[in-house]
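Working notes, beginning with the structure itself.
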Amino acid sequence: MELIKQLVEIPSPSGNTQKIIQFIEDELGGLGLDMKRNHKGGLLITIPGEDKSRHRMLTAHVDALGAMVKEVKGNGRLRLSMIGGFRWNAVEGENCQIETSSGKVYTGTILMHQTSVHVYKDAGEAKRDEVNIEVRIDEKVRNGEDVRDLGIEVGDFVSFDPRAEITDSGFIKSRHLDDKASVAMLMKLIRHICSEEIRLPYTTHFLISNNEEIGYGGNSNIPAETVEYLAVDMGAIGDGQSTDEYTVSICAKDSSGPYHYGFRKHLVRLAEENGIDYKVDIYPYYGSDASAAIRAGFDIVHGLIGAGIDSSHAYERTHESSILHTETLLWHYVRSSMADA
């Protein structure tokens with residue numbers, strides 16, 4: 001839980017993930033692992049296994065939702081362009097950071113232009129969109145020239161304050177649990193494998209991808225020997241969903257179509273044999289790094305699991321029991337026979 005909190009507090013919108021990738025490299029650096037960055041900036045970690053002819057790959061992504069400065073407005077505020085799929089109302093009122101190309105960081109707040117009810121009659125009805133949403137910078141600026149004097153320009157990255165909190169009742173609520181909760185789980189799994197000197201049955205790759213929120217984080221750097229590809233992401237919660245905050249969610253289908261049936265049944269069997277609480281679900285408006293890999297043409301068996309995350313792509317929440325059940329399924333999976341064996 002504390003590692004998840006550390007990860008969500010490192011700003012990493014898609015396209016600007018160097019700091020969090022470096023953090024993960026530093027955290028795992030003393031384990032003697034084969035680690036390398038791909039050209040896109042993701043991190044590939046490999047642990048040799050008994051069988052080197054057939055490989056597994058697990059992936060989770062560190063890139064998060066965010067924004068980019070679209071326009072420096074004449075009133076000294078910033079117009080934004082979205083990074084990733086969210087709704088403007090989900091970030092209205094949120095504190096943020098603006099990082100300039102020189103590395104200087106300023107704070108601000110994302111607000112409607114028509115925020116003051118004492119001035120704007122339509123403050124409640126005005127459309128929440130890229131025209132009306134703007135950033136109020138926490139600096140003494142009166143116009144666009146003052147903003148540019150700070151070094152803020154079009155193309156600068158804007159990150160949302162995660163407001164991470166761990167409750168006494170076992171919840172963690174924060175932005176960007178999608179998918180930093182899964183990254184923390186993979187980091188813990190890797191540490192455990194190394195510290196216990198566990199020999200895996202198959203050579204296993206862990207891809208910490210950094211472009212999932214924009215659709216192509218895990219569609220490359222997949223070794224030819226890879227047979228099974230498991231995306232560890234989030235289970236979506238809402239009306240009509242079976243996923244909850246207390247179990248591991250195993251995805252049967254998302255917007256890309258069904259996941260591999262044999263692989264899904266293998267994961268369900270592992271859960272049932274090991275007392276792991278799980279739910280099988282369909283995510284109607286969702287895509288993963290595993291589905292991106294399939295679309296890229298890789299001949300792999302693909303699956304998707306994750307902790308159940310409430311209010312996805314907004315102010316998210318999950319419970320420690322969901323994280324535990326997901327971690328436990330991962331632990332049994334990497335030591336199991338392949339689904340086709």
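Just so it is clear, the model here is predicted, and its values are computed rather than measured.
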List, one per line, each side-chain donor-acceptor pair under 3.5 Å for residues 77-91, sequence neighbours excluded.
from	atom 1	to	atom 2	distance (Å)
Arg77	NH1	Glu134	OE2	3.2
Arg79	NH1	Glu71	OE1	3.1

Output all residues satisfying salt bridge (charged side-chain N to carboxylate O under 4.0 Å, His left out) with Lys265, sequence neighbours left out; order by chain, then residue number. none
When rounded to the nearest 0.5 angstrom, what is the spacing between CZ in Phe157 and OG in Ser14? 8.5 Å
Evaluate the ring planes of Trp331 and His192, with Trp represented by its six-membered ring, and classify them as parallel (under 30°), tilted (30 to 60°) or perpendicular (over 60°). perpendicular
Short side-chain donor-acceptor distance under 3.5 Å, Ser249 and Tyr283: yes
Extract all donor-acceptor atom pairs below 3.5 Å that involve side chains of residues 139-146 and protein atoms in other chains or at least two apart in sequence.
from	atom 1	to	atom 2	distance (Å)
Asn143	OD1	Glu145	N	3.1
Asn143	OD1	Asp146	N	2.9
Asp146	OD2	Arg142	N	2.9

The residue among Thr109, Thr107, Ile110 that forms side-chain contact (heavy atoms from CB on, under 4.5 Å) with Arg136 is Thr109
Thr243 backbone acceptor or donor facing Asp281 side chain under 3.5 Å: yes
Same apolar cluster: Tyr229 and Ile208, side chain cutoff 4.5 Å: no
Quick one: does Asn38's side chain have a donor or acceptor within less than 3.5 Å of a partner on Gly42's backbone? yes
Looking just at side-chain N and O atoms, do Ser288 and Tyr259 make a donor-acceptor pair shorter than 3.5 Å? yes
Can a donor-acceptor pair be found, under 3.5 Å and without considering hydrogens, that links the side chain of Lys70 to the backbone of Glu130? no
Can you find a side-chain donor-acceptor pair between Asp277 and Thr247 that sits under 3.5 Å? no
Asn95 side chain to Asp161 main-chain N or O, any donor-acceptor pair under 3.5 Å? no
Classify the side-chain pair His61/Asn211 by whether it contains a donor and acceptor separated by less than 3.5 Å. no
Could you check whether Arg175 and Ser159, counting side-chain N and O atoms only, form a donor-acceptor pair closer than 3.5 Å? no
For Tyr278 and Leu267, indicate whether the former's side chain and the latter's backbone hold a donor-acceptor pair under 3.5 Å. no
Just jot down the side-chain contact (heavy atoms from CB on, under 4.5 Å) partners of Ala164, sequence neighbours excluded, or say none. Lys5, Val8, Glu9, Ser174
Indicate whether any N or O donor in one side chain lies under 3.5 Å from an N or O acceptor in the other, for Thr226 and His55. no
Please check if Ile294 and Ile250 belong to a single hydrophobic cluster, counting links between Ile, Leu, Val, Met, Phe, Trp and Tyr side chain heavy atoms closer than 4.5 Å. no
With sequence neighbours left out, which residue pairs that include part of residues 230-253 fulfil the salt bridge (charged side-chain N to carboxylate O under 4.0 Å, His left out) condition? Asp244-Lys279, Glu245-Arg317
Whether the Gln114 and Asp122 side chains hold a donor-acceptor pair (N or O, under 3.5 Å, no angle test) is what I'd like checked. no
Flag the pair Glu327 and Lys188 as a salt bridge only when some basic side-chain nitrogen lies within less than 4.0 angstrom of an acidic carboxylate oxygen. yes
By side-chain contact (heavy atoms from CB on, under 4.5 Å), Asp51 pairs with (sequence neighbours left out) Ser53, Arg54, Tyr202
Tell me whether Leu44 shares a hydrophobic cluster with Phe23, the cluster being built from Ile, Leu, Val, Met, Phe, Trp, Tyr side chains joined at under 4.5 Å. no
